[in-house]
Amino acid sequence: VTTIDAKIQYYIEKHLEQAVQDYDVTNGAGAIAMDVKTGAILGMVSLGNFDLNNYLDVSDEVQKKADETDSTEESKQIIADAQQKQWRNKCLSDTYEPGSTFKIITLATALQEGVVDENSSFYCGGYIEVTGDDPGKGRHCWNKNGHGQQTLTQAVQHSCNVAFIQIGQKIGEKTFYKYCDAFGLMNEPSNPDATPTAITGIDLAGESGSIWWSENTFCNPLNKTQLAAASFGQTFNITPLQLITAVSACVNGGYLMQPYVVRELTDSSGNVVYSRQPTVVRQVISEETSKEVCKILEKVADDPVDGTGKNAYVAGYRI
């Protein structure tokens, strides 16, 4: 018995397929719905898709390409490559740079460490230089005209890269690195020159590990470009599953939960022989900090002027 909610799964599949068409996505797409309080996966979709009842079948386009080749071996390889690609679950097997979605984790870290609060302010002129950048070659905000003077909430609403670089600098590279470990995005190795990785440990096969800078590279006081880029989600790779698990910890009271899809096992008579209970890996931030994160994130969706997430607003709901 799985944790998948058939209705949620249906709508994710429907709208993700539409998004792939609308935006002409060429390399597939993935989406996950998770119960933030338990880590239970309510829906998980990976596109391009395949027929579960005829899993060896490939698309007509791939089959035509295979049929047109003169080499039997080449034809088999085309089919095999297409099968492996369509069977791959992008949600847990593919890594990517999470980009601005990672700002939620930077925000939670900064609030927990007390280096920012609702009275903090930041100036964005569209550009900032950090230690390690070549002279005259700094970091641009996505809004190259800048956001001007902003409160912390406005910086989150604007998804301001410059403000988040400043927030990352307040956190500091060593503390930032420590929290990335705590949020389950890497396992900090004892060797500071080793490249760390991590997985969530979900009960599915094929999970890939994250890709991070070594501690000595990331925490180099003469080069803080890694910290600057990481503060808004660039220069490292994680899986979508790792991201949603970490973000859930930011908003559920601060608890990192282990994701899972198997709720229980039954025998041939229908008796439950195994029942899965939610597993808390660790508490990363306090419940008070988590409430503050939720309060600020809500303003991203419900503010019709400053909220860059206003298209996600749904009347009658707190988003």
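Not measured: the values here are computed from a predicted model.
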Q: Applying side chain to side chain contact (heavy atoms under 4.5 Å, CB included) between T101 and each of I244, V247, L243, report the one that passes.
A: L243
(Q) Checking Y177 against L227 for the side-chain contact (heavy atoms from CB on, under 4.5 Å) test, could you report, in this order, the C-alpha distance in whole Å, the side-chain angles of both residues, the deciding distance, and whether it holds? (A) CA-CA 9 Å; Y177 205 74; L227 173 63; over 6 Å; no
Pairwise distance [atom1]([X]) to [atom2]([Y]) - rounded to 0.5 angstrom:
{"X": "Q154", "Y": "Q149", "atom1": "CD", "atom2": "CD", "result": "9.5 Å"}
{"X": "E74", "Y": "T69", "atom1": "CD", "atom2": "OG1", "result": "3.0 Å"}
{"X": "F164", "Y": "S159", "atom1": "CZ", "atom2": "OG", "result": "7.0 Å"}
{"X": "M44", "Y": "I12", "atom1": "CE", "atom2": "CD1", "result": "9.5 Å"}
{"X": "I32", "Y": "I8", "atom1": "CD1", "atom2": "CD1", "result": "13.5 Å"}
{"X": "C141", "Y": "F232", "atom1": "SG", "atom2": "CZ", "result": "8.5 Å"}

Using every non-hydrogen atom in the two residues, find where [X] and [Y] come nearest and quote the distance to one decimal.
{"X": "Q86", "Y": "F50", "value": "O-CD2, 3.2 Å"}
{"X": "V20", "Y": "A29", "value": "CG2-CB, 3.8 Å"}
{"X": "L152", "Y": "I296", "value": "CD2-CD1, 4.0 Å"}
{"X": "Q150", "Y": "H158", "value": "OE1-ND1, 2.8 Å"}
{"X": "T95", "Y": "G209", "value": "CG2-O, 3.5 Å"}
{"X": "P278", "Y": "Y260", "value": "CG-OH, 3.9 Å"}

With heavy-atom distances below 4.5 Å as the criterion, would you say the side chains of [X] and [Y] are in contact?
{"X": "S231", "Y": "K170", "result": "no"}
{"X": "V262", "Y": "R276", "result": "no"}
{"X": "V162", "Y": "Y123", "result": "no"}
{"X": "C250", "Y": "F183", "result": "yes"}
{"X": "P196", "Y": "E188", "result": "no"}
{"X": "V156", "Y": "V300", "result": "yes"}

Evaluate whether atom [atom1] of [X] has more than 12 neighbouring non-hydrogen atoms of other residues, nucleotides or ligands under 6.0 angstrom away.
{"X": "E61", "atom1": "CD", "answer": "no"}
{"X": "D60", "atom1": "CG", "answer": "no"}
{"X": "K310", "atom1": "NZ", "answer": "yes"}
{"X": "Y274", "atom1": "OH", "answer": "yes"}

Does [X] share a hydrophobic cluster with [Y], counting links as ILVMFWY side-chain heavy atoms below 4.5 Å and allowing steps through other members?
{"X": "V25", "Y": "V45", "answer": "yes"}
{"X": "I238", "Y": "I199", "answer": "no"}
{"X": "V116", "Y": "I285", "answer": "yes"}
{"X": "L204", "Y": "M34", "answer": "yes"}
{"X": "I165", "Y": "I105", "answer": "no"}

Q: Quick one: do E73 and Q77 satisfy side chain to side chain donor-acceptor pair (under 3.5 Å)? Show the steps, please.
A: CA-CA 6 Å; E73 289 302 314; Q77 191 61 52; over 6 Å; no
Q.
Could you go through F102 and L185, starting from their C-alpha distance and side-chain angles, then the distance that decides it, and tell me whether this counts as side-chain contact (heavy atoms from CB on, under 4.5 Å)?
A. CA-CA 11 Å; F102 192 81; L185 304 174; 3.4 Å; yes
Within the distance-only criterion (no hydrogens, no angle test), does the side chain of [X] pair as donor or acceptor with the backbone N or O of [Y] below 3.5 angstrom?
{"X": "N237", "Y": "Y96", "answer": "yes"}
{"X": "D306", "Y": "Q157", "answer": "no"}
{"X": "Q283", "Y": "G254", "answer": "no"}
{"X": "T197", "Y": "S210", "answer": "yes"}
{"X": "T131", "Y": "K224", "answer": "no"}
{"X": "D117", "Y": "S120", "answer": "yes"}
{"X": "Q242", "Y": "A198", "answer": "yes"}
{"X": "R139", "Y": "N161", "answer": "no"}
{"X": "E118", "Y": "T151", "answer": "no"}
{"X": "K90", "Y": "N27", "answer": "yes"}

Q.
Taking the six-membered ring for Trp, are H147 and W142 closer than 6.0 Å centroid to centroid?
A.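 So the answer is yes for these two rings.
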Q) So, do F236 and F218 have ring centers that fall under 6.0 Å from each other? A)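 When the ring centroids of F236 and F218 are compared, they turn out to be at least 6.0 Å apart.
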Q: Would you check, one step at a time, whether the test side chain to side chain donor-acceptor pair (under 3.5 Å) holds for Q226 with T235?
A: CA-CA 7 Å; Q226 286 84 18; T235 72; over 6 Å; no
Q) Stepwise, does the side chain to side chain donor-acceptor pair (under 3.5 Å) test hold for E113 with Y179? A) CA-CA 10 Å; E113 286 296 298; Y179 273 86; 2.5 Å; yes
Q. Would I319 and D302 count as a side-chain contact (heavy atoms from CB on, under 4.5 Å) if you check the C-alpha gap in whole Å, the side-chain angles of each, and the deciding distance to 0.1 Å?
A. CA-CA 7 Å; I319 304 297; D302 73 3; over 6 Å; no
Q) Stepwise, does the side-chain contact (heavy atoms from CB on, under 4.5 Å) test hold for M257 with T245? A) CA-CA 7 Å; M257 306 300 297; T245 304; 5.6 Å; no
Q.
Working note: T200 + E207, criterion side chain to side chain donor-acceptor pair (under 3.5 Å); need CA distance, chi angles, decisive distance, verdict.
A. CA-CA 8 Å; T200 67; E207 183 176 11; 2.8 Å; yes
Q: Can you run down the side-chain hydrogen bond (donor to acceptor under 3.5 Å, both in side chains) pairs that involve residues 40-55, sequence neighbours left out, and say none if there aren't any?
A: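 Residue pairs passing side-chain hydrogen bond (donor to acceptor under 3.5 Å, both in side chains), neighbours aside: D51-N54.
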